[in-house]
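These numbers come from the heavy atoms of this one structure, side chains and all, not from hydrogens, waters or symmetry mates. Counting starts at 1 for both ligands and their atoms, following the listed order. Quantities reported herein were computed from a predicted structural model and do not represent experimental measurements.
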Amino acid sequence: MELKICHLYPEVLNLYGDRGNIRCLSKRLSWRGIDCHVDELKIGDKKSLDDYDLFFIGGGQDFEQEVLLDDLNAGKGAEIKAAVEDGKTFLCICGGYQMMGHYYQTHEGVKCEFLGAVDFYTVGGDRMIDNYAFRLGEESGGSTVVGFENHSGKTYLGLGVKPLGTVLKGCGNNGEDGTEGVRYRNVFGTYSHGPVLPKNPEFADFLLKTALQRRYGNAAELEPLPDGFEKTAHDLVLKGVLEGKQGA
Ligand code: GLN
């Protein structure tokens, strides 16, 4: 088996080492003898998205999000939407997550019309920044995720759109309704900056499974890995976050 991963806009959307998520995904595949091929697609690159199984889009600041708009409108946006409807797997972080919604209106009032691949919108407000934790919805595996959020955008999901999870500590989508991120088809949008996956191995494997099963059918399973270190890291951080410790 093999998976092809596409890292979209690595030159502009890569805050806090978000790209570490790709290293984590490819390592977890290679430990199981599954081939992994990663391509980077930058602004202006014209390569078709048809070939890929899993897409990664990292976070960026307001300015960087604005810079992308022309490239999205020149064709990539339509291709991304088609890949979403085709059930391909997407992990989208913060600014990359906001990009999948209808629009982002910054704190200063600049409105970026985004893809509308998923029914939600984002408006700038007071900054939400801290370590946080959430529980994934059952349809996304149900495990707990620990992460770090830093966004001024408040995201509001459309009626009937499922969040990725429920906030245990922190702000998540907007600090108001207890939701975090979005899950639509195989799009996983989250405010959790990176790399979020190494310390949340169940979430990492859940993503990989959606991509493998789409390509190879529901029988495609992942062998368990000895995740002792990863789980210890996860549990320690979760305990610290829930107890409100700084630097958890
Ligand atoms: N510019 C967006 C916000 O502040 C995204 C930030 C980010 O990706 N960290 O809401």
Mark up the atoms of ligand 1 that fall under 4.0 Å of a heavy atom belonging to G59, in ascending order.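 Contacts of ligand 1 toward G59, numbered from 1: 8 (O).
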So does C171 get a backbone contact from the side chain of E149, meaning a donor-acceptor N/O pair under 3.5 Å?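 Yes: the side chain of E149 pairs with the backbone of C171.
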Short side-chain to backbone donor-acceptor contact, N131 and V146, under 3.5 Å: no
Considering residues, nucleotides and ligands other than F229, do more than 12 of their heavy atoms fall under 6.0 Å from its CZ?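 12 or below, so no.
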So, is [X] polar-close to ligand 1, with some N/O to N/O distance under 3.5 Å?
| X | result |
| --- | --- |
| G95 | yes |
| L15 | no |
| Y16 | no |
| N150 | yes |

Could you measure the distance from the CD atom of E113 to the CD atom of Q105? Nearest 0.5 Å is fine. 9.5 Å
If you apply the rule side chain to side chain donor-acceptor pair (under 3.5 Å), what do you find for Y191 with T155, and how did you get there? CA-CA 10 Å; Y191 273 112; T155 294; 2.6 Å; yes
Please classify the Q61 to ligand 1 contact at 4.0 Å (heavy-atom distances, strictly less than): side chain, backbone, both or neither. backbone
When you measure from [atom] to every protein heavy atom, which one gives the shortest distance, and what is it?
| atom | value |
| --- | --- |
| atom 1 (N) of ligand 1 | D62 OD1, 2.4 Å |
| atom 7 (C) of ligand 1 | C94 SG, 2.9 Å |
| atom 10 (O) of ligand 1 | G153 N, 2.7 Å |
| atom 5 (C) of ligand 1 | G60 O, 3.2 Å |
| atom 4 (O) of ligand 1 | S152 N, 3.0 Å |
| atom 9 (N) of ligand 1 | H193 NE2, 2.8 Å |

F206 and F188 aromatic ring geometry - parallel, tilted or perpendicular at 30°/60° bounds: perpendicular
Residue-ligand contact Y104/ligand 1, heavy atom below 4.0 Å: yes
Would you please determine whether R127 falls within less than 4.0 Å of ligand 1 on a heavy-atom basis?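 R127: in contact with ligand 1 (<4.0 Å).
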Under the side-chain hydrogen bond (donor to acceptor under 3.5 Å, both in side chains) test, residues paired with N186 that sit two or more places apart: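 With sequence neighbours excluded, N186 shows a side-chain hydrogen bond (donor to acceptor under 3.5 Å, both in side chains) to R183, given in chain and number order.
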Less than 4.0 angstrom from a charged side-chain N to a carboxylate O is my criterion; do R214 and D86 meet it? yes
Do F203 and F134 make the cut of ring centroids closer than 6.0 angstrom? no
